[in-house]
Structure formats: C-alpha cells, structure tokens
> 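Dropping the structure in here first, questions after.
So that the names make sense, note that chain A is the first sequence line, chain B the second, and so on, each numbered from 1.
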There are 2 protein chains.
Amino acid sequence: MSETGERPGRCSNAGLRRATRRLSQLYDDAIAPSGLRATQFGLLVQLRDLGTPTMGELAEAMVMDLSALGHTLKPLARDGLVTLAVDARDRRQRRVALTEAGRTRLRAAAARWREAQLRFEAVFGREKAAQLRALVDEIASPGFGEAFGRPGD
Amino acid sequence: MSETGERPGRCSNAGLRRATRRLSQLYDDAIAPSGLRATQFGLLVQLRDLGTPTMGELAEAMVMDLSALGHTLKPLARDGLVTLAVDARDRRQRRVALTEAGRTRLRAAAARWREAQLRFEAVFGREKAAQLRALVDEIASPGFGEAFGRPGD
DNA sequence: GACGATTGCTGGCATATGCCATCAATTCTC
DNA sequence: GAGAATTGATGGCATATGCCAGCAATCGTC
C-alpha cells in the first residue's frame, strides 16, 4: 500500500479549470440573452454588494489582478453599466459605481441567473452544491493564498 | 424558516471562478520557472495521457471549445512542444502529438507541479482536496452538461 | 458517382486574465 | 518641505476561452 505516501492526486488546478469551463458555459447560456456574460454578472453583483469600492478593493474581493479588473471593466464602462471616478480624498484611487443602466441590466440578468442556479442545484444536488461552495470559498479566501506561501497577495 | 424554499445560494459559477483564479495563480507561480503556464501544463498532461488524439478528442477531454483549443495550442506548436498532423484516414482531422521537446519540458514542469500539488494538499487538507476533486470532476464529466439540459455539447 | 448534409478545423472578433513597465499621487524621512 | 519610497491605476503584450462564419473533407442517398 504505497498509496498513503507522498503521491499527489491528479491536478486540482486542472480539475477546477475544467469544471469552471463547463459551468461557465451553462451559466453563460442562461444569462447571455440579458446581454451580460456570466463573468460580468458576477462582477456586477459583487460591485452592487460593495457599493462604490475602489478598483483595488473590488479586485481583492474578486480575487482578481488589478489590471485584469481594469480590462474587464472596460466593456462595461463603454456600455454605460459602470462608471469610474477619481476619489476626492485620494486622487490616485478610482471609485467604481454601478449606473442606473447597470442596475437595470443586472436585474434582468439576475432573473435568468436564478433559473440557472436553481437548475444547477437541482441537477448537482443541494448538498453537493453547498459543499462545493464552501470549498471554493475557502480557496478564494484571502487567508488561503498566504497560507500557501504567497504573502501579501 | 423560509430558508428551505426555492432560494438559491450565492453563485456557484462566480465562486468557482474566484477559486480558479486564486489556485491558478499559486500553481503558476510554482510552474512558471519551467517555461509553462499551469494551463499549458494541464493540457500537455492530458495530451500525454491520450497519446495522439484528434483536436476534437482533446477538446472534449479538456472540456474546451474546439476553437479555444486551437488557439491554446498555437504557442505550444510555435515553441515546438507539440505538433499537428493531418490524419491519414480522415484528412479533416488533425492529430496532436507531444514532441520530444514537449516531453522534456513536461518532465521539468512536473517536478515543480508536484511540489505545488503537495503543498496544496497539505494546506487545504487531503480530505478536502479529494472532495473538491470529486465534485469538480463530476461537473466536468460529459454527463453533467447533458443532465443540465445542454444536449450534445 | 454527383449532390446535399454532416463533420472537423481554422480565422476573425471579443472578452477574461495576468505580468511588467510606467505614471501620477501620496506618504515618509531628514 | 524637497527628494525618496510607496501606493493605485493604466497600457502594452501574451495567453485563455468562446462564438460564429467559413472551408475542406467525408458520408449518405438516389
């Protein structure tokens, strides 16, 4: 039984990516008619929850690179769903905000998202969906990166 | 207790994406010195396991869009790590193959990957890592997309 | 065995992400 | 308070991914 030794399992990262591709596809199919990608939907939800965060705050909450966030916001800003404004206190910072158009679009997408989410929970099982959420949330938590040995981040 | 009703949890898709970003970052940091991205590493491992699959077969195994696979292979082919060859039986098909250089690079990356993987399992916990693998593998499985209502795929 | 349907891949376009170099604004230090 | 160090964001470049519109090859049918 050398199975209990140091042998690592198959790649967790690759597995996660595969699942993400599949799931994004399913959510995208559902949300697309509203004019938002599933990714953008997630970003807008986070933005709505945070209010008017700075780019840095939003990036951290999204577990996203700051520049990546900037790129991702571009089409949303272009379409008038979000705005970027220089912060009065610290003019280096940009405050991101959801516009009225953004809120409207978000509401429309949310209805479709809800269906996809319920369908996912029905197909995958509520229990497992909850387990999965707990596991990925832990990985996404700020503490995890540090524990792994990526200080700061 | 209206909690047991139809209310969906937070977005599984968004959660999965966040975790994927974080984890990819950690694996990337570890693997990068070998000259491969974590994504490319995963692709080459899959390729090694399949032998000389057609693009379609590889795409399905990777849960990836065919054209996305094509794009992803381009830098690898450019660097001489993989080759694409017309299949003799069916000239529409392209057989993908790992070159010697590809194998060598893969071996180098595998050593680094192994460390990252063991570290992940140590930090996250073997049990939970295994649970996560099982959950994401199910989502990535071909049957899941169909069950969700995305026939064919 | 010609023709239409199907299959497998490529190319163009768009978003998703990340790294690094840079620039601007703020803070720290003497 | 001037200059150094730090912080917050942008721009350029590269990969990651997906959709759709071709194109070429194969298959099926009469």
> Looking at A:H71 and C:dG18, is any side-chain donor or acceptor paired with a base atom of the opposite kind under 3.5 Å?
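Result: at least one qualifying N/O pair found.
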> Could you state the CG-C1' distance from A:L58 to D:dG8, rounded to the nearest angstrom?
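So the CG-C1' distance, A:L58 to D:dG8, works out to 14 Å.
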> Of all residues at least two apart in sequence or in a different chain, which pass the side chain to side chain donor-acceptor pair (under 3.5 Å) check with A:Q46?
B:R18
> Parallel, tilted or perpendicular: which describes the rings of A:F120 and B:F148, with under 30° parallel and over 60° perpendicular?
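Tilted.
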> Scan nucleotides 5-10 of chain C nucleotide by nucleotide, 5' to 3', and note B when protein non-hydrogen atoms come under 4.0 Å of the base, S if they reach only the sugar-phosphate, - if neither.
-BBSBS
> Quick one: list whatever passes side chain to side chain donor-acceptor pair (under 3.5 Å) with B:E138, sequence neighbours left out.
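Partners of B:E138 under the side chain to side chain donor-acceptor pair (under 3.5 Å) test: A:K128.
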> Whole angstrom is fine here: how far is it from CG in B:L26 over to C1' in C:dC19?
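Distance, rounded to whole Å: 16 Å.
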> Where each residue is assigned the nucleotide of DNA chain D containing its nearest heavy atom, which of B:V63 and B:R78 is assigned the position nearer the 5′ end?
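Looking at DNA chain D, the more 5' nearest nucleotide goes with B:R78.
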> How many whole angstroms separate atom CZ of B:R37 from atom P of D:dT17?
11 Å
> Any pair with a residue in residues 73-87 of chain B that passes side chain to side chain donor-acceptor pair (under 3.5 Å), sequence neighbours left out, goes on the list, sorted by first then second residue, please.
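Sorted pair list: B:D87-B:R95.
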> Does the side chain of B:R91 get closer than 4.0 angstrom to OP1 or OP2 of D:dC27 through an N or O atom?
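No, outside the criterion.
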> Can you tell me the distance, in whole Å, between the CG atom of A:L69 and the C1' atom of C:dT15?
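Roughly 14 Å, once rounded to whole Å.
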> State which residues pass side chain to side chain donor-acceptor pair (under 3.5 Å) with A:R107; sequence neighbours excluded, sorted by chain then number.
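Result, side chain to side chain donor-acceptor pair (under 3.5 Å) vs A:R107: none returned.
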> Between D:dT17 atom P and A:R18 atom CZ, what is the distance in whole Å?
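In whole Å, D:dT17 P and A:R18 CZ are 11 Å from each other.
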> Within this structure, what is the CG-to-C1' distance between A:D87 and C:dA25, rounded to whole angstrom?
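From A:D87 CG to C:dA25 C1': 12 Å.
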> Taking NZ from B:K74 and P from D:dG18, how many angstroms apart are they, rounded to a whole number?
15 Å
> Can you check whether A:R89 has a side-chain N or O nearer than 4.0 Å to OP1 or OP2 of D:dG8?
no
> Among all residues two or more places apart in sequence or in another chain, which pass the side chain to side chain donor-acceptor pair (under 3.5 Å) test with A:T72?
none
> B:D28 or B:D65: which one's nearest nucleotide on DNA chain C is closer to the 5' end?
B:D65
> If I take atom CD in residue B:Q40 and atom C1' in nucleotide C:dT17, what distance separates them, rounded to the nearest angstrom?
14 Å
> Assess whether salt bridge (charged side-chain N to carboxylate O under 4.0 Å, His left out) is satisfied between B:R112 and B:E115, documenting all intermediate values.
CA-CA 5 Å; B:R112 294 178 175 281; B:E115 286 179 30; over 6 Å; no
